[in-house]
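Notes for the one structure printed next.
Just so we're on the same page: letters track the sequence lines, and every chain starts at 1. Hydrogens, waters and symmetry mates play no part in the numbers below; they use all other heavy atoms, side chains included.
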Amino acid sequence: MISLTLPDGSIREVAEGTTGLQFAQSIGKRLAGDALAISLNGRTTDLNIPLTASSEIRILTFKDPEGRAVLRHSCGHVMAQAVMDLFPGAAPAAGDWADERYFYDFQVSRPFTAEDLQKIEQRMTEICQADVPFKRMELPADQALQALGSTRNLFKEEIIGDLAGQGQVISCYSQGDWVDLCLGAHVPSTGKIAAFKLLMTAGAYWHGDESNPQLQRIYLTAFPSRKELDEYLSQIEEAKKRDHRKLGQELDLFTISSDVGSGLVLWMPKGAALRFELETFLRGKLVEYGYQTVYTPHIGKLDLYRTSGHFPYYKDSQFPPIHMNEHGAEAEDSEEGYLLKPMNCPHHIKIYEATPKSYRDLPYRLAEFGTVYRYEQSGELSGMTRVRGFTQDDAHLFVTPDQLEEELQRTVDLVLFILRSLDFKDYRIRFGKRDPQSEKFGGSAGLWDRAESNIRNVLRGMNMDFSEEAGEAAFYGPKIDFVVRDCLNREWQLGTVQVDYVLPERFDLKYIGSDGSPHRPIMIHRAPFGSLERFVGILIEHFAGAFPAWLAPVQVRILPVVDEVLPYAEKVYAACRAHGFRTELDSRAEKIGYKIRAAETEKVPFMLVVGRREAESGSVSLRKRTQGDLGTLPLEETIGKLRGELARPAE
RNA sequence: GCCGGGAUAGCUCAGUCGGUAGAGCAACGGUUUCGUAAACCGUGGGUCCGGGGUUCGAAUCCCCGUCUCGGCUCCA
């Protein structure tokens, strides 16, 4: 007998050799039916494997993230079989899952078409209906290669070679006579896959490396029932309605014109009002946190960016330099010239250097809404979230070593305050570290170790959840990134805080310490919004265009019921503007219902309906978006009420 | 940058087999003066993304380019 410990702590004795499925059946018929796999001591395992030792066990169903992954993974194998049935020349490479989706990459003579996908789905349905069992085999490398049969190809050989080299057991799974190399786990049989859909195709590089051949990827998802699949698909459709590119156009927030250039955002009056409000909000905080505001130009000499390292490191993703000499003529020396600034730090460093600094001057905090230009790859551009010109709410803090961690904490506090004020709860914190294997990172290993431990100390001290990710650092230092997802579930970095020992060294920055001798300051780069463009793009999606009243481009709209009251409506309009409310007057000869509908769809938070009654009594009928009529109030009282409703958040 | 999809009125989209380009909404004009989510009638509006080709004839077929969308890769 062996004993199995369930998640609730209860322990059950079963005969050695009992399978996970039999155990699930002993608990309940329903559970056994829903079971997709088991988790044994935290490892996901097939249901039909005999249990040989006492363990902690969880029966995995679709409710468990691991269970979902198993179902979709198994569906991926069914897809691979279907692809090979229909395209005998196809070479399956590898698959994996990401979020709700599973993908499998194939090398094929031509990319898959929409019609191909339909045929593949049809073949998959046949395989699932046949309810073919998945069987696991563990084999030595040479036998595994044999076992693969028609699935064998250069990709599989490479993977088996790597696994064998690491001395790992090689496992394969078969469904019927089709075999694939696979770690597992899988559902017991293809019949468990009740509902699936091939979502999209894409080109993808082998091992994710651009220098490798490009394969054709198919994404799919699977659910235990048709109903759940349909719900998922309609959720995606629903989410697309929040897309900032769509809402940005509908609400007249921004536009991008190919005549100006790809990735160059034109802020329309309403988008600009929103941005201005965000900037004003942050400016208030900057004073409180001891920042000094500066302004710097949009270009700088090439040599400046050679010193900082930006030019050599990011040569391929910058607008080409403006080659000209001091006389305004085209430079003969192609090394001479100016660059559109890709970062604000070098300019701020020059402000730091402009006057001698002592330890009494530090922390020295310089802030600027600085617009930078980067020539992003054409395939990367996306609305406001990935652009070629954007404004960072940037700041650089020059600090002494003993000030560093406290200042870091204050910058993180500021970012958290901003996110909280805008009701962002769904973000993750990424601690981006250097990848020691990569040459992309400047400075000595010792400096990096110090910077990384500074960040770790601060994040731990603040009790934050974060994930450490190698290779995600900036070239000059490690960073804390605040990462959110857009309506299509793509991740974007918003706020960032970076520790930098490298640029102070490259620029030979100094301050005079209390000992009278020169010391090297440390820099913190930080931007709570990150890029105003990206932040506003995400903000549009976050609020689905219905911004909190203090941010709304139009906060109040006056809706006269009949033409006769237009003079009174004008008076109300003027009173609202006099109090700084962003107000519009809808004087069209339309019925009141029409005007209300327009204001509602344009997401105006407050509507002031004025008719004869209001004009006579000097009042307004207040309507709040989505809530409806709030009743009639004297004009003065309404304005007082709106002042409160439209105030910026404070803390 | 790479792979694939797309581009028709301000917006959303239809356009059959290659035969003179359409709808709804919006805009504009008129009528209506109306009380909390769409009054009625009328009018204007097109480089069918750009260039080339095939054809008696191209929005439609072919080629090149641009922009855009979904992925991949990249992201200071």
Under the salt bridge (Lys or Arg N to Asp or Glu O under 4.0 Å) rule, what pairs show up with a residue in residues 614-623 of chain A, not counting sequence neighbours? Glu600(A)-Arg623(A)
With heavy atoms under 4.0 Å as the rule, sort Lys440(A) into base, sugar-phosphate or nothing. sugar-phosphate
Could you write nucleotides 66-72 of chain B as a row of B, S and -, 5' to 3', where a protein heavy atom under 4.0 Å of any base atom gives B, of only sugar-phosphate atoms gives S, and otherwise -? -SSSBBB
Listed partners of Phe606(A) passing ring-ring contact (aromatic ring centres under 6.0 Å, His included), at least two apart: none
For Gly593(A), answer base if it contacts any base atom (sugar-phosphate contacts may also be present), sugar-phosphate if it contacts only those atoms, and nothing otherwise; contact means non-hydrogen atoms under 4.0 Å. sugar-phosphate
Report each atom pair, protein N/O against N/O of nucleotides 59-63 of chain B, whose distance is under 3.5 angstrom.
none

Test of understanding: with side-chain hydrogen bond (donor to acceptor under 3.5 Å, both in side chains), list the residues that count as partners of Asp230(A), not counting sequence neighbours. Arg226(A)
For Tyr219(A), check ring-ring contact (aromatic ring centres under 6.0 Å, His included) against everything at least two apart and list the hits. Phe103(A)
Please enumerate all residues that pass side-chain hydrogen bond (donor to acceptor under 3.5 Å, both in side chains) together with Glu368(A), with sequence neighbours excluded. Thr296(A), His348(A)
Can the ring centroids of Tyr476(A) and His525(A) be said to lie less than 6.0 angstrom from one another? yes
Detail all sub-3.5 Å separations between protein N/O atoms and N/O atoms belonging to nucleotides 7-9 of chain B.
none

ring-ring contact (aromatic ring centres under 6.0 Å, His included) with Tyr102(A): which residues, sequence neighbours excluded? His73(A)
Can you measure Lys591(A) atom NZ to rU31(B) atom P for me and round it to whole angstrom units? 18 Å
Output the rounded distance in Å from CZ (Arg374(A)) to P (rC75(B)). 11 Å
Does the salt bridge (Lys or Arg N to Asp or Glu O under 4.0 Å) test come out yes or no for Arg428(A) and Asp481(A), once each step is laid out? CA-CA 8 Å; Arg428(A) 69 184 189 91; Asp481(A) 290 331; over 6 Å; no
Heavy atoms under 4.0 Å, any strand shown: does Gln318(A) hit a base, just sugar-phosphate, or nothing? base
Name the pairs: protein N/O against N/O of nucleotides 25-28 of chain B, kept only if under 3.5 Å.
residue, atom, partner, partner atom, Å
rA26(B), OP1, Tyr594(A), OH, 3.0
rA27(B), OP1, Arg588(A), NH1, 3.3

ring-ring contact (aromatic ring centres under 6.0 Å, His included) involving Phe475(A) - partner list, sequence neighbours excluded: His310(A), Tyr313(A), Tyr314(A)
Output the rounded distance in Å from CZ (Arg557(A)) to P (rA37(B)). 15 Å
Would you mind writing out the side-chain donor-acceptor pairs for residues 528-539 of chain A within the sub-3.5 Å range, not counting sequence neighbours?
residue, atom, partner, partner atom, Å
Ser531(A), OG, Glu533(A), N, 3.2
Ser531(A), OG, Arg534(A), N, 3.0
Glu533(A), OE1, Thr391(A), N, 2.9
Glu533(A), OE2, Trp267(A), NE1, 3.3
Arg534(A), NE, Thr385(A), O, 2.7
Arg534(A), NH1, Gln493(A), O, 2.9
Arg534(A), NH2, Thr385(A), O, 3.0

Under 4.0 Å, heavy atoms only, any strand: does Lys315(A) hit a base, just the sugar-phosphate, or nothing? nothing
